Structures are given as C-alpha cells and as structure tokens.
Amino acid sequence: GGLVLLLACTNLSSFLLARGTEREKEIALRLAIGAQRGALVRQLLTETMLLALLGGASGLVAARWLLSLLTRYQPPLPVPITLDLGLDVTVLLFTFGISCLAGLLFGLAPALRSTSPDVAPTLKEGMAATRNRRFGLQNGLVAFQMALSVVLLMGGGLFVRSLAAARNADLGFSTRNAGIAWVDLSISGVPAAEQLAMRDELTRRARALPGIDKATSASHIPFLFPASGGFYSIPGADPPVRGTGHNVQREEVDPEFFATMGIPVLTGRSFTNDDRPNTRAVAVVNETAAKRFWPGESPVGRQFSPLGTESTVHIVGVVKDTKVERLREPAKPLFYFPIAQSPDPDLVLVARGPTAPEEITVM
C-alpha cells in the first residue's frame, strides 16, 4: 500500500514538473512584472493540495464502495465472524493528514523549481533551454517511478507464485466438496455424561442427509481448529529434557475421520466402533511420530502412556502426515485418539458430498 501511494505521488510530482515546465514563460513574465516568488509558490502549492485532497476524497469513496462489497461476503467458516470495517473519524483524519502531507512533500519541489527560472533567457528563448536538459529532477522522478514499478511487479509476481504454490501444496488431506460445522457441547448445555451420545447422534444425522456421502466428527480440524498438545512417556525414546515427557500434538476423532478427510492409513488399522470407553485404550500415530519415536521399525503394537498416569495406550495404526497449522510448517508428531475414549466438548462435524460446500454447510 505504501509503495503504491509513493508511486502515485511520484507520478503526480512528475506531472506537476512537466506542467511547471509548460508554464515557465508565464511564471517568468509574472516575476518580471513584480510578482513575489513566495506568492507564486503558495499558489502552486494550493493547486497541489487541492489535487491531493480530491485524490484522498476519491480514495475514501472507493474504499467505502469496496468495503460494502466485502462485508456482504460471508466466508464458509464454522463460526460467524463479524469485522468492523467502517470508516470512522480516525480513518478520515488519517486520510486527510496523509493527503495534505503528500501534497506538501511532492508539490514543494515542483513549485520551487517552476518559480526559479532565469527570467531573461526564458522570456527570450521560451522553453527550448529547459527541454534540452537531459538530466534533472524530472528525469530522476521518472527513473524512480520505473524502479518502483519494477519492485511492485516483482512483488505481485511473487505473490501470485506463492498463491499457486499454496494451492498446489500437499496438505495430507482432501479439501474438496466438504462442509464444516462447529458446536461447543458444554456451552450448549449438554451434560458431560450425554456428550458422547449427542456427538454420535449428530454425526449419524449428518450421514443420513441427502447429498452427503461421508461425515465424521472430531475435536480439532487442521488450520481451523489446530490440534492440542499433551505430554507422554514413550518406552525406548528418551525425553528431550530429563524428568519430562514428550510434548506431542493430539486429536480426538471418530472411526470415519481418516476416510472422510482422505488421510491414508499406511500400516495397521483405523479406529472402529468397538473402540469404546470400556475397551483397551488405542491410538493411531502419524508417520513423523513413527519415524521419530520408533525409527526403523513399525510402531503398531507398541505402547506409550500419558505422563503422570499409569494407563497404557496401544498403537493400532500409522497414517500419513498432514499440515496442522501452517502451509510451510515442518511435519510434526501427531497422536490420534478415538473420541469415544477421550471425549472433548468441542464437536467439529465434517461432511462430504457431490453438492457445493456452502450447500453442505447449510444442511
């Protein structure tokens, strides 16, 4: 934004210099008949300030129109987001101040240059001497504009390239034809003893909707609801600091999570409906966790324990890595637990089908 403003101001300053060159004979004549240079500078600055204020007002009108379009767009996020994008007094004062400052800074040099001609040669020869100058402030401004334009073009190209790279990045899961809904069961007033049954019922209803092929529930979703963390004791893997466990991110998911999200199971199995609270505690790990904590061997059948407890968790499968919070983040160890064995009040429903994502979300 600052570079665009600077480019526009430089362009205006170059225009004023060219206009001043055209008026040099007029200004020289006025100086010859007794006009004060200060009065001429004030006149030229007044014209420049008027142009700057008109530009600022036009920018405010354009901003108001664009903001009205922006506020009509509702992104398909699981929670409603309200942004205050109004043009308040602070914005108006800032626009007024930056317009005056730009008009003053970029109008002063052209005004001073235009009011300092050699009166006699200018009246005698017109603008020929001025046009023959190869180097000067105007040429410098043109070179500066070109440099700024190249910088902006390069920045725009890199931005488009980054967008293309982000679009083609391997997230580890599918993002197509999916709708997301989020419910906090505790805030909704559902007792803790009934939350698992409510989660199963809502997931079952989502799967029964027409146009829905798959549906799943989880406590966290990559990027929107990043995984939480926990400390674990892993036999055979020394903790990073003596006396503490390994800090590993975790997610609680239902048996259909990996199939619905399109996360491949590399070895072992996914969760099943038999993984309930009264059965053996199980977990699925991602491939980075498998390589870090059990290098060179399969973790399926291995065990670990949450730090500070005597419970044991058995690993039943390994899945592909996924991005969790950022596109450029390195792969991190991640443990998945069946949500029936590790209940969480946050309920994130993900549904997939052939219909548009916004229609799935409305369902």
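The chain is numbered in sequence order, starting from 1. In what follows, every heavy atom counts, from backbone to side chain, and hydrogens, waters and symmetry copies are set aside. What you see is a predicted model; the values in this text were computed from it and never measured.
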Side-chain (Asn286) to main-chain (Lys332) donor-acceptor, under 3.5 angstrom = yes
Is a side-chain N or O of Glu287 found less than 3.5 angstrom from the main chain of Asp321, in a donor-acceptor match?
-> yes
Do [X] and [Y] have side-chain heavy atoms sitting under 4.5 Å apart?
X      : Y      : answer
Thr203 : Thr216 : no
Leu266 : Val319 : no
Thr279 : Gln341 : yes
Pro306 : Ser311 : yes
Arg352 : Thr260 : yes
Val284 : Val316 : yes
Tyr336 : Val253 : yes
Leu334 : Thr288 : no

Report the distance from atom [atom1] of [X] to atom [atom2] of [Y], rounding to the nearest 0.5 Å.
X      : Y      : atom1 : atom2 : answer
Glu251 : Ile339 : CD    : CD1   : 10.0 Å
Ser217 : Asp254 : OG    : CG    : 4.0 Å
Thr309 : Tyr232 : OG1   : OH    : 9.5 Å
Arg205 : Leu209 : CZ    : CG    : 10.0 Å

Can we say Arg199 and Glu201 salt-bridge, meaning some charged N sits less than 4.0 Å from an Asp/Glu carboxylate O?
-> no
Quick one: do Asp200 and Arg276 make a salt bridge, cutoff under 4.0 Å?
-> yes
Which atom names give the shortest non-hydrogen contact between [X] and [Y], and what distance separates them?
X      : Y      : answer
Ile315 : Pro299 : CB-O, 3.5 Å
Ala340 : Asp275 : CB-O, 3.6 Å
Ala215 : Ile212 : CB-CG2, 4.4 Å

Would a line drawn from the ring center of Phe257 to the ring center of Phe271 be shorter than 6.0 Å?
-> no
For Pro333, which of Arg292, Gln249, His246 qualifies under side-chain contact (heavy atoms from CB on, under 4.5 Å)?
-> Arg292
Out of curiosity, does [Y] fall in the hydrophobic cluster containing [X] (side-chain heavy atoms, cut-off under 4.5 Å, transitive links)?
X      : Y      : result
Val313 : Val282 : no
Ile221 : Phe258 : yes
Val265 : Val318 : no

Using the side chain to side chain contact (heavy atoms under 4.5 Å, CB included) rule, take Met146 and Val150 through it: C-alpha gap first, then chi angles, then the decisive distance, then the call.
-> CA-CA 6 Å; Met146 294 180 63; Val150 171; 5.5 Å; no
Distance only, no hydrogens: is a donor on one side chain within 3.5 Å (strictly under) of an acceptor on the other, for Ser219 and Glu252?
-> yes
Determine the interplanar angle of the Phe337 and Phe304 rings, folded into 0 to 90°, and report it as parallel if under 30°, tilted if 30 to 60°, perpendicular if over 60°.
-> perpendicular
Relative to each other, are the rings of Phe335 and Trp294 parallel, tilted or perpendicular (30° and 60° limits)?
-> tilted
Hey, mind stepping through Ser342 and Arg250 against side chain to side chain contact (heavy atoms under 4.5 Å, CB included) and telling me if it holds?
-> CA-CA 11 Å; Ser342 304; Arg250 59 177 290 160; 3.5 Å; yes
Residue Lys323 excluded, over 12 heavy atoms near NZ under 6.0 Å | yes
Could you go through the salt bridge (charged side-chain N to carboxylate O under 4.0 Å, His left out) check for Asp274 and Arg280 one step at a time?
-> CA-CA 10 Å; Asp274 294 330; Arg280 185 179 67 169; over 6 Å; no
